[in-house]
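Note sheet for the following structure.
What you see is a predicted model, and the numbers here were worked out from it, not measured in a lab. Chain naming here is simple, since letters A, B, ... match the order of the sequence lines and numbering starts at 1 in each. In what follows, every heavy atom counts, from backbone to side chain, and hydrogens, waters and symmetry copies are set aside.
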2 protein chains.
Amino acid sequence: MPDDRAPTRIQKRNRAAILEAALDVFSAQGFRGATVDQIANAAGLSKPNLLYYFPSKEAMHNALLSRLLDTWLDPLRDLDADGDPLEELLAYVHRKLQMSRDFPRESRLFANEIVQGAPRIHTALSTDLKHLVDDKAALIQHWIDLGQIARVHPYHLIFSIWSLTQHYADFDVQVRAVLGSEDPFEGAPEFIDAMYRRLLAP
Amino acid sequence: MPDDRAPTRIQKRNRAAILEAALDVFSAQGFRGATVDQIANAAGLSKPNLLYYFPSKEAMHNALLSRLLDTWLDPLRDLDADGDPLEELLAYVHRKLQMSRDFPRESRLFANEIVQGAPRIHTALSTDLKHLVDDKAALIQHWIDLGQIARVHPYHLIFSIWSLTQHYADFDVQVRAVLGSEDPFEGAPEFIDAMYRRLLAP
DNA sequence: CTTTGATTTGACCATCTGGTCAAACTCACG
DNA sequence: CGTGAGTTTGACCAGATGGTCAAATCAAAG
């Protein structure tokens, strides 16, 4: 097992290939549905070789989740108290939707984890995530108190943004099955934009 | 294996117990994550006994899914062309939210299936589901053309209702982690109601 | 080229898991 | 009761799967 000295060129390449393959497989099959062999094949490496770079299947999953939780919440972190409230919130919505379009596998990796009770990231949810949301909900409430946006429940507002945007990644097959050949992201930004403009107008 | 004659009292009781247990386990662990033994334990029966009533693990899953798909879409079917458009849509939203509250396991069973690419119900999605949605989207478009509700993309409107309402069941752990002790359904109906009233007002 | 540490893998193991089966048990009904 | 259909289960099997390991191969510094 590679120790914690500076990673070699080969270590960098292989670790990256493994995580890329693992993201593919975990997001499509869930943790239990994925097999180390599938990941090995997708990465173009042998199974024992994977376990040379990561001590276990769970370690690969953890590596993905922790790397992801951070970047996943970046758009919310960016919500700026000094910006125009409505435009800040709409920018958040659009960035979140863009992430669903650009990183659907990451979205589904989370969805799989959460739907099944978040056994592996429950702590992170009730600490890091909760703190961030508490913080931003207070900001939204502040905007409301100033009369800059309409009176809405800040937490439910955030939940609604998560659900509306991630739906296009997580339920992609369903959306596509219903829309037929039409591109799901055709019309989605406009729809969601309209939705929040009308909801939040003071 | 019990044949297709009229089911005995014992058959009825055990089949029901098995499906109830299977719903518990499948919705919490996904198809691959669930084991027949877990379901057997939850049902208070032995593993071979389960396989006496259902030919395979997959058969239990299928039984649940097909029984569910129907009832799951009932609220949408109820959308009535003769009712008041705004009230009809709001009633649909509220019924859907109520189902998330009352049948979260059913919601998660579907979520698990869809997130992983709907391998078992893909056909039903692009036939039954699509037909129903096409039908109701046409009705919504008709209401729009009459100027009775605002101009919105009918399909995205339906997707938004699905995602907003099911979020409270499918992402329950996340919602609870963020809200702490507060009841998630406290405030949700009001929020969603306000959202659609403002969106759909002509 | 040689040496040494990093990398790779074929063979293997223990466990889990879906499913089978014959034998045992229960129940309803004549 | 007795009997036959319906029900239950302990023991078992085959394949899948996470993980191990010793031996082989490779890379790079001297």
| said: Using a strict threshold of under 4.0 Å (side-chain N to carboxylate O), is an ion pair present between A:R77 and A:D70? | reply: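 Looking at A:R77 together with A:D70, the answer is yes, because their closest N to O distance falls below 4.0 Å.
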
| Between B:R197 and B:E87, is there a side-chain N and carboxylate O pair less than 4.0 Å apart? |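 Judged by the 4.0 Å cut-off on N to carboxylate O distance, B:R197 and B:E87 do form a salt bridge.
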
Whole angstrom value for the distance that separates [atom2] of [N] from [atom1] of [X]:
{"X": "B:N41", "N": "C:dG18", "atom1": "CG", "atom2": "P", "value": "12 Å"}
{"X": "A:Q29", "N": "D:dG18", "atom1": "CD", "atom2": "P", "value": "11 Å"}
{"X": "A:R15", "N": "C:dA6", "atom1": "CZ", "atom2": "C1'", "value": "12 Å"}
{"X": "B:K12", "N": "D:dG6", "atom1": "NZ", "atom2": "C1'", "value": "16 Å"}
{"X": "B:K57", "N": "C:dT20", "atom1": "NZ", "atom2": "P", "value": "14 Å"}
{"X": "B:F31", "N": "C:dG18", "atom1": "CZ", "atom2": "P", "value": "8 Å"}

Starting the side chain at C-beta, find the nucleotide from [options] nearest to [X].
{"X": "B:R32", "options": "C:dT17, D:dA16, D:dT20", "result": "D:dA16"}
{"X": "A:L51", "options": "D:dT7, D:dG19, C:dT17", "result": "D:dG19"}
{"X": "B:Q11", "options": "D:dT7, D:dG19, D:dA28", "result": "D:dT7"}

| Residue from B:D172, B:D170, B:D24 passing salt bridge (Lys or Arg N to Asp or Glu O under 4.0 Å) with B:R105 |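 Answer after filtering B:D172, B:D170, B:D24: B:D24.
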
| query | Around A:E182, counting heavy atoms of other residues, nucleotides and ligands shown, do more than 12 lie under 6.0 Å from its CD? | reply |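 Yes, enclosed.
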
| field | Exceeds 12 heavy-atom contacts within 6.0 angstrom, atom CD of A:Q98 | value |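 Enclosed.
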
| Does A:R9 make a side-chain N or O approach to OP1 or OP2 of C:dA6 shorter than 4.0 Å? |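 For C:dA6, OP1/OP2 do not have a side-chain N/O of A:R9 under 4.0 Å.
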
| Within less than 4.0 Å of OP1 or OP2 of D:dT7, is there a side-chain N or O belonging to B:T8? |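 B:T8 to D:dT7 OP1/OP2: side-chain N or O found under 4.0 Å.
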
| request: Go along nucleotides 8-13 of chain D 5' to 3' and tag each nucleotide: B for a protein heavy atom under 4.0 Å from its base, S when only backbone or sugar atoms are that close, - otherwise. | output: BBBB--

| query | With a 6.0 Å cut-off on ring centres, are B:H153 and A:F191 close enough? | reply |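 Ring-ring flag for B:H153/A:F191: false, centres at least 6.0 Å apart.
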
| Would B:Y168 and A:H156 count as a close aromatic pair, with their ring centres under 6.0 Å? |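 Yes, ring centres under 6.0 Å apart.
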
| request: Mind checking B:A59 for me? I need base, sugar-phosphate or nothing, with any heavy atom below 4.0 Å counting as a touch. | output: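 The residue B:A59 makes no contact with any strand.
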
